[in-house]
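Taking it in order: structure first as structure tokens, then the write-up.
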Amino acid sequence: MPEGHTVHRVANLFTELFAGHTLHAWSPQGRFSEGAKQVSESRLVSATATGKQLFLAFDNDLSIRVHLGIYGAWDVHTLAGVSARAGSPRDASLGAPRRRLGEHESETDPDEPFPPEPRGQVRLRLETPDTVADLRGPTACEVLTPQEVDAVRSRLGPDPLVDRGRLGEEEFIARLTSTRRAVGLVLMDQSVVSGIGNVYRAEILFRHQLDPYLPSSSLDSDTARALWKDWKKLLREGVKTGVMMTRTDLTPAMKTKALRSSAHRYFVYGRAGQACRVCGTAISMDLMATRKLYYCPRCQLS
DNA sequence: TCACAATGAACAA
DNA sequence: TGTTCCTTGTGAC
């Protein structure tokens, strides 16, 4: 499931698998039949991500915007023998005919006929003769004109992998520190910075020993700059490995091991009541704007 | 079989 | 602040 790293991975994989190809698009579930028809049999020009938004641009000038929301997912199946890679060692070693993008990438029955029957509620299927991508459970899946794509993009805060230079960094600092809302809320605000979700929010705050309830405007620019750089680093790593790994207290060997199980990847996320990995205090969990906020009351509260 | 949670966000009031 | 939408997997009965 998706925070910004997952969507960049999807964009990278689709660029590799689909860019330059004519796609057959349809909606097995039926809820996106009209939209799919508008791009079907067109050539995919590009697949790009900004934060949690995926844009698939076609040569008829239309784009599909996909937002996975809280439980959306892509499943990619490739005919054995022509499977492309998402670029990570894990993908390469899998070499599987089927891959689920996100944390769990698993193999399936190699005897399955190709293309496989859509399973469950598939909103959109994209097909070439040797590759199939199934989209299920998105919060958004719509066809946009170039102007509409620009409008969506303009509402988004900087993404470290899109706005790589100084401008992105300065924009982030300006937006972050210009509101008195709690920093725990502001880091999740996609108009301030793109791609951070509930896991990265909690982990980044912990990594900087920050009280989630501090007014965002109280952060000095050095702290803000450090947050941006850290997010950039975590995002890069997440895109590379496909996994959100945020711990800094592990040797490389332990880290590799911890990648495999979500129980060991995080400092605080999902660990309410368990001992802080740094000070041993029980991790707290509060509801912040309907989302679960995890933090260490000793390391982070001032 | 059912309830519930999950890495999200739009919308109403 | 509360409600709604999207789908699947898990665990309790």
Side-chain angles (χ1 to χ4, degrees), chain A residues 1-11 27-33 35-36 49-54 64-75 98 100-106 108 117-125 133-142 144 148 151-153 155-157 159 181-182 184-207 212 231 234-235 237-239 241-247 259 261-273 285-295:
Chain A
M1 299 196 203
E3 292 195 16
H5 70 301
T6 304
V7 186
H8 278 286
R9 281 170 68 81
V10 173
S27 178
Q29 174 198 57
R31 293 187 51 177
F32 189 58
S33 297
T50 302
K52 301 170 188 171
Q53 314 267 349
L54 176 73
I64 294 182
R65 175 181 79 98
V66 173
H67 192 303
L68 293 175
I70 207 162
Y71 44 64
W74 285 97
D75 272 297
R98 172 180 188 270
R100 183 188 185 85
L101 294 173
E103 300 201 335
H104 313 290
E105 304 187 6
S106 57
T108 46
E117 279 302 305
R119 268 202 252 292
Q121 298 295 309
V122 178
R123 182 81 59 90
L124 169 63
R125 171 171 277 199
D134 284 343
L135 170 66
R136 45 169 47 86
T139 211
C141 175
E142 59 179 357
L144 298 182
E148 291 169 325
V152 171
R153 281 217 167 95
R155 277 184 245 117
L156 295 170
D159 174 323
R181 293 152 64 221
L185 286 176
V186 177
L187 285 181
M188 294 258 295
D189 183 338
Q190 303 301 302
S191 70
V192 170
V193 53
S194 283
I196 297 178
N198 205 17
V199 177
Y200 279 132
R201 176 263 297 265
E203 295 295 305
I204 289 171
L205 288 169
F206 180 88
R207 284 157 64 97
W231 169 223
L234 286 175
L235 180 56
E237 225 167 295
V239 172
T241 63
V243 168
M244 291 185 276
M245 157 55 71
T246 57
R247 292 178 65 182
L259 280 176
S261 113
S262 61
H264 304 294
R265 285 177 203 159
Y266 312 130
F267 277 117
V268 293
Y269 179 80
R271 301 190 63 246
M285 192 277 281
D286 297 353
L287 238 42
M288 182 180 256
T290 76
R291 306 303 301 282
K292 289 183 175 180
L293 167 71
Y294 300 90
Y295 61 95

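Bear in mind the structure is a predicted one, so any value in this text is a computation, not a measurement. All chains are named by letter (A, B, ...) in the order of the sequence lines, taking the proteins before the strands, and each is independently numbered beginning at 1.
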- prompt: So do the side chains of A:V7 and A:Q53 get within less than 4.5 Å of each other, counting heavy atoms only?
  reply: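 In short, these two side chains do not touch, never coming nearer than 4.5 Å.
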Side chain to side chain, A:Y295 and A:L205, heavy atoms closer than 4.5 Å: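 No - every pair of side-chain heavy atoms lies 4.5 Å or more apart.
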I need the [atom1]-[atom2] distance between [X] and [N], as an integer number of Å.
X: A:Q121; N: C:dG9; atom1: CD; atom2: P; value: 12 Å
X: A:K292; N: B:dT7; atom1: NZ; atom2: C1'; value: 13 Å
X: A:Y71; N: B:dG8; atom1: OH; atom2: C1'; value: 10 Å
X: A:M288; N: C:dG2; atom1: CE; atom2: P; value: 15 Å
X: A:Y266; N: B:dT7; atom1: OH; atom2: P; value: 10 Å
X: A:D134; N: C:dT7; atom1: CG; atom2: P; value: 13 Å
X: A:L156; N: B:dG8; atom1: CG; atom2: C1'; value: 13 Å
X: A:L293; N: B:dG8; atom1: CG; atom2: P; value: 13 Å

query: Which distance, rounded to the nearest 0.5 Å, do you find between the CG of A:L259 and the CZ of A:R265?
result: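 One finds 6.5 Å between CG of A:L259 and CZ of A:R265.
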Rounded to whole angstrom, note down the [atom1] distance from [N] over to [M].
N: B:dA13; M: C:dC5; atom1: P; value: 14 Å
N: C:dT1; M: B:dT7; atom1: C1'; value: 23 Å
N: C:dT8; M: B:dA10; atom1: P; value: 23 Å
N: B:dT1; M: C:dC6; atom1: P; value: 23 Å

- prompt: Under the salt bridge (charged side-chain N to carboxylate O under 4.0 Å, His left out) rule, what pairs show up with a residue in residues 187-200 of chain A, not counting sequence neighbours?
  reply: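 Listed once each, the pairs are A:R181-A:D189.
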Can you list the residues that meet the side chain to side chain donor-acceptor pair (under 3.5 Å) rule with [X], with sequence neighbours excluded?
X: A:T246; value: A:E203
X: A:Q190; value: none
X: A:R291; value: none

message: Under the rule for side-chain contact (heavy atoms from CB on, under 4.5 Å), what residues qualify as partners of A:R271, not counting sequence neighbours?
response: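 Residues passing side-chain contact (heavy atoms from CB on, under 4.5 Å) with A:R271: A:Q274, A:R277, A:I283.
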query: Taking only residues two or more places apart in sequence or in another chain, which ones pass side-chain contact (heavy atoms from CB on, under 4.5 Å) with A:S261?
result: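 In terms of side-chain contact (heavy atoms from CB on, under 4.5 Å), with neighbours along the sequence ignored, A:S261 is linked to A:A263, A:H264.
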query: Where the side chain of A:N198 is defined as all heavy atoms beyond and including C-beta, which of B:dA6, B:dT7, C:dT7 is the nearest nucleotide?
result: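 Between B:dA6, B:dT7, C:dT7, the one nearest the side chain of A:N198 would be B:dT7.
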field: Closest listed nucleotide, where the reference is the side chain of A:R31 and the choices are C:dT8, B:dT7, C:dC6
entry: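 Per side-chain heavy atoms of A:R31, the pick is C:dC6.
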message: Going by the rule ring-ring contact (aromatic ring centres under 6.0 Å, His included), which residues pair with A:Y269 if we only count those two or more places apart in sequence or in a different chain?
response: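 With neighbours one apart ignored, the set is A:Y266, A:Y294.
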Give me, pair by pair, the N or O atoms of the protein and of nucleotides 9-13 of chain B that are less than 3.5 Å apart, along with how far apart they are.
| residue | atom | partner | partner atom | Å |
| --- | --- | --- | --- | --- |
| B:dA9 | OP1 | A:H67 | NE2 | 3.4 |
| B:dA9 | OP2 | A:K52 | NZ | 3.2 |

query: At under 4.0 Å, does any side-chain N or O of A:Q29 touch on OP1 or OP2 of C:dT7?
result: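 For C:dT7, OP1/OP2 do have a side-chain N/O of A:Q29 under 4.0 Å.
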- prompt: Can you list the stems that include DNA chain B, where a stem is three or more consecutive Watson-Crick or G-U pairs with distances under 3.5 Å?
  reply: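 Detected stem regions: B:1-6 with C:7-12, B:8-12 with C:1-5.
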